[in-house]
Amino acid sequence: MVAALPSRRIHGSVCPNKHEEPLFDNTLVDTSQEHSLHRGLKARQISMITLGGSLGTGLIIGSGTALTRGGPLGLFVGYSFMGLICYLVMISLGEMGAYLPHKKGFAGYATRYVDPAFGFALGWNYLFKYFIQTTNNVNAAGAVVQYWTLSVPIEVWMVIYIAIIFSVNLLGIRFFGEFEFWSCSIKVIALVGLILMGLVIDLGGNPQGDRIGFRYWRYPYGPMGTYLLDQVHNSPLSMFLGFWSTLTTALFSYIGTELIGVTVGEAQNPRKNIPKAIRRMFIRILVFYVGGTFVISLTVPSTNNTLFVANTSKAGAAASPFVVATTIVGIKVINHVINAVVLIFVLSASNSDLYIGSRTLYGLAVERKAPRIFAKVNRIGVPWPALILCTSVCFLTFLNVSSSSSVAFGWFANLIASFGAITWMCISYTHIAFMKALAAQGVSRDTLPYKAPFQPYGSWFALVFTGIVLLFNGFSTFIPFSSATFLTSYIAIPIFLVLWLGYKVFCKTKTIPASQVDLVTGKKEIDEEEERFIAEEKLLGTKSVMGRVWDAL
């Protein structure tokens, strides 16, 4: 059992001025349902959003860049290895989220278990990341549409997309959950279809009757790419650089899987549904990311010049390697169908990104780490001031009016990878602190609703290796030096440090000792809320077979 802790100040979770009374433990309790987010996400919606929400531009578009630079083997190994890192981060987050599914996101866990300054920096870092990621997906949507026509200015498509995702988010969590469930369902079914289609094409089921096999894994196409060969003049080194670049691209692709840490605040019966979603994560990574990139490596040569590659592609290039695969073997019409599916991928991803950004800003405002106006919600639980601000930032996508969409995509991808890597590192470190607090206070991890495997080694491995990828994220910046690429590759690091140290100095916060970490506040209220939900579900009686199948989706 967790020992009852004495009432005390939360170690700087707010930074009041000299004339205010400091706040106490009740600042960590979620506000009432009427004045906060509503728990309206059902089990099937959480499961599908967790699966489909991260299936976006990184996999369906960014894999083209990874294939060109790393070759087929580099692409496959890079995505497989980063998939392992992603899984380790997600199980760590799942353990914390199942124990205390509060409404303040994982920045709230950092505030509780590490240091309020650490939580402040993580929260704003994650918000900046979603400012950029939503913008990037809107930019990608324009690039996808340009495959069909260049007669309509790309800005028009961007405005339409921004209006759509804003409207979906404004209609409340129930509508958002249902919209995301169906759009993510389409994404999952479509990706399974694309993987099967790729296998059929590779095995000779194409108009040319050409059995490709592993042809593109052999010379002159592969197995490894030769990235920056003209600059380094060394084939083995250029192959290694090509492989290393796939790790950054893969990191960018997996960023977004941590959204489950945001959805816990609006999840029904989170103690049951969050572990369920986390347990399914491994097979999803294996099938969709590893399987998808493997099929791409079989059906598209890394030397193909029609791939959408960050910083080089012209307007109208095929945005997805899957589109290129069908074009190469002469399959007509279906390339347009696939491009339409890619458009749905991007729409769903940008929609969920806007949701996460607004909820992250809301969580910061609730903790008094952002202006209080962003903690306001309407009667259906939508944090509308936060939603408006996050939507407004999407108009940064007009940067590609003066630059091509591929150049802007490259800039945004670098920023997202950097902010995302810092986020993963913070989640891993927070989980390490959480485990230390449990041990110091005599709480066995065996009593938790969900116990993450491979711990504590998994969190330490994810922390260290993600840090290495972050440090060398912008290596290509120096070969030759590019100020724009350098800035977008590394600016996230000083921003995070300034936020962390600035808050720490200004508010005089201290790292929380493991024995004093608050494992209690707010837990009782969440337990009672969950018990009420379970009781209400029992009153509805036993569901039909179709109802149980529907909820199990």
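Ser238 places a side-chain N or O within donor-acceptor distance of the main-chain N or O of Ser235, the cut-off being under 3.5 Å. Distance alone, capped at 3.5 Å, places no donor-acceptor pair between the Ser348 side chain and the Ile344 backbone. A distance-only check finds no donor-acceptor pair linking the side chain of Thr134 to the backbone of Cys394 [under 3.5 Å]. Without hydrogens or angle criteria, Tyr126 side chain to Gly357 main chain gives no donor-acceptor distance under 3.5 Å. For the pair Asn414 (side chain) and Thr488 (backbone), a donor-acceptor distance under 3.5 Å is absent. With Ser459 contributing its side chain and Pro456 its backbone, the two residues share no donor-acceptor pair below 3.5 Å. A donor-acceptor pair under 3.5 Å is formed between the side chain of Tyr490 and the backbone N or O of Gly474. Between the side chain of Ser302 and the main chain of Tyr221, a donor-acceptor pair closer than 3.5 Å is present. The backbone N or O of Ile201 sits less than 3.5 Å from a side-chain atom of Asn206, completing a donor-acceptor pair. For Ser489 (side chain) and Phe486 (main-chain N/O), no donor-acceptor pair under 3.5 Å exists by modelled atom type.
Closest heavy-atom contact between Ala421 and Ile255: N-CD1, 4.3 Å. Closest heavy-atom contact between Tyr109 and Gly97: OH-CA, 3.3 Å. Pairing each heavy atom of Thr360 with each of Gly123, the nearest pair is CG2-O, 3.5 Å. Val295 and Gly198 make their closest contact through CG1-CA, 3.4 Å (heavy atoms, listed as atom of the first residue, atom of the second, distance). When all heavy atoms of Val300 and Asn304 are compared, the closest pair comes out as CG1-CB, 4.5 Å. Here the shortest heavy-atom pairing between Leu75 and Ala66 reads CD1-CB, 3.6 Å.
Atom CH2 of Trp244 sits in a crowded spot, with more than 12 heavy atoms from other residues, nucleotides or ligands closer than 6.0 Å. Residue Phe472 qualifies as open at atom CZ: its count of foreign heavy atoms under 6.0 Å is 12 or below.
Looking at Phe128 and Ile491, their side chains never come closer than 4.5 Å, going by heavy atoms from C-beta outward. Leu93 places none of its side-chain heavy atoms less than 4.5 Å from the side chain of His431. Contact of the Thr135 side chain with the Ser350 side chain is not registered, since no non-hydrogen atoms from C-beta on lie closer than 4.5 Å. Using a 4.5 Å cut-off on side-chain heavy atoms (C-beta onward), Leu298 and Phe214 make contact. Annotation: side chain of Met82 is not in contact with side chain of Thr248 (no heavy-atom distance under 4.5 Å). At a threshold of 4.5 Å between non-hydrogen side-chain atoms, the residues Arg211 and Leu203 count as touching. Residues Phe288 and Val192 meet the side-chain proximity criterion, which asks for heavy atoms closer than 4.5 Å. Two residues are said to be in side-chain contact when any heavy atoms from C-beta on lie closer than 4.5 Å; Leu247 and Phe465 meet this criterion.
Atom CD1 of Ile422 sits about 12.5 Å away from atom CD1 of Ile427, to the nearest 0.5 Å. For the atom pair CD1 of Ile495 and CG of Leu415, the computed distance is 8.0 Å after rounding to the nearest 0.5 Å. The distance from the CG atom of Leu354 to the CZ atom of Arg359 is 8.5 Å, given to the nearest 0.5 Å. Note that OG1 of Thr249 and CG of Leu67 are 11.0 Å apart. Values are rounded to the nearest 0.5 Å. Taken from CG in Leu88 to OG1 in Thr466, the straight-line distance is 9.0 Å, to the nearest 0.5 Å. With rounding to the nearest 0.5 angstrom, the OH atom of Tyr227 is 12.5 Å from the CG atom of Leu237.
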Note to self: Would Phe475 and Ser245 count as a side-chain contact (heavy atoms from CB on, under 4.5 Å) here? Give the steps.
What the structure shows: CA-CA 9 Å; Phe475 71 89; Ser245 71; 4.1 Å; yes

Practice problem: Would you sort out whether Tyr450 and Ile91 count as a side-chain contact (heavy atoms from CB on, under 4.5 Å), showing the intermediate values? | Solution: CA-CA 9 Å; Tyr450 171 71; Ile91 58 177; 3.4 Å; yes

| message | Trp148 vs Leu343, test: side-chain contact (heavy atoms from CB on, under 4.5 Å). Steps then yes/no. | response | CA-CA 12 Å; Trp148 288 310; Leu343 200 58; 4.1 Å; yes

(request) Would you sort out whether Leu194 and Ile338 count as a side-chain contact (heavy atoms from CB on, under 4.5 Å), showing the intermediate values? (result) CA-CA 8 Å; Leu194 290 174; Ile338 296 174; 3.8 Å; yes

Does the pair Tyr254 and Tyr289 meet the rule for a ring pair (Phe, Tyr, Trp, His ring centres under 6.0 Å), with working shown?
CA-CA 9 Å; Tyr254 286 112; Tyr289 282 96; 4.3 Å; yes

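A salt bridge links Asp210 to Arg215: one of the charged nitrogens lies within less than 4.0 Å of a carboxylate oxygen.
Between Phe81 and Phe461, the ring planes lie perpendicular to each other; the angle is over 60°, past the 30° to 60° tilted range.
Using modelled atom types, one finds a donor on one side chain and an acceptor on the other under 3.5 Å when comparing Ser418 with Asn473. Residues Thr423 and Asn125 have side chains that bring a donor and an acceptor to within less than 3.5 angstrom of each other. In summary, the side chains of Ser92 and Ser428 do not present any donor paired with an acceptor at a separation below 3.5 Å, with no hydrogens or angles considered. A donor-acceptor contact closer than 3.5 angstrom links the side chains of Ser297 and Trp217.
The side chain to side chain contact (heavy atoms under 4.5 Å, CB included) search around Val114 returns Phe118, Tyr429, Thr430, Ala433, not counting sequence neighbours. With sequence neighbours left out, the ring-ring contact (aromatic ring centres under 6.0 Å, His included) criterion links Tyr79 to no other residue.
Aromatic pair Trp157/Tyr161: ring centres not closer than 6.0 Å.
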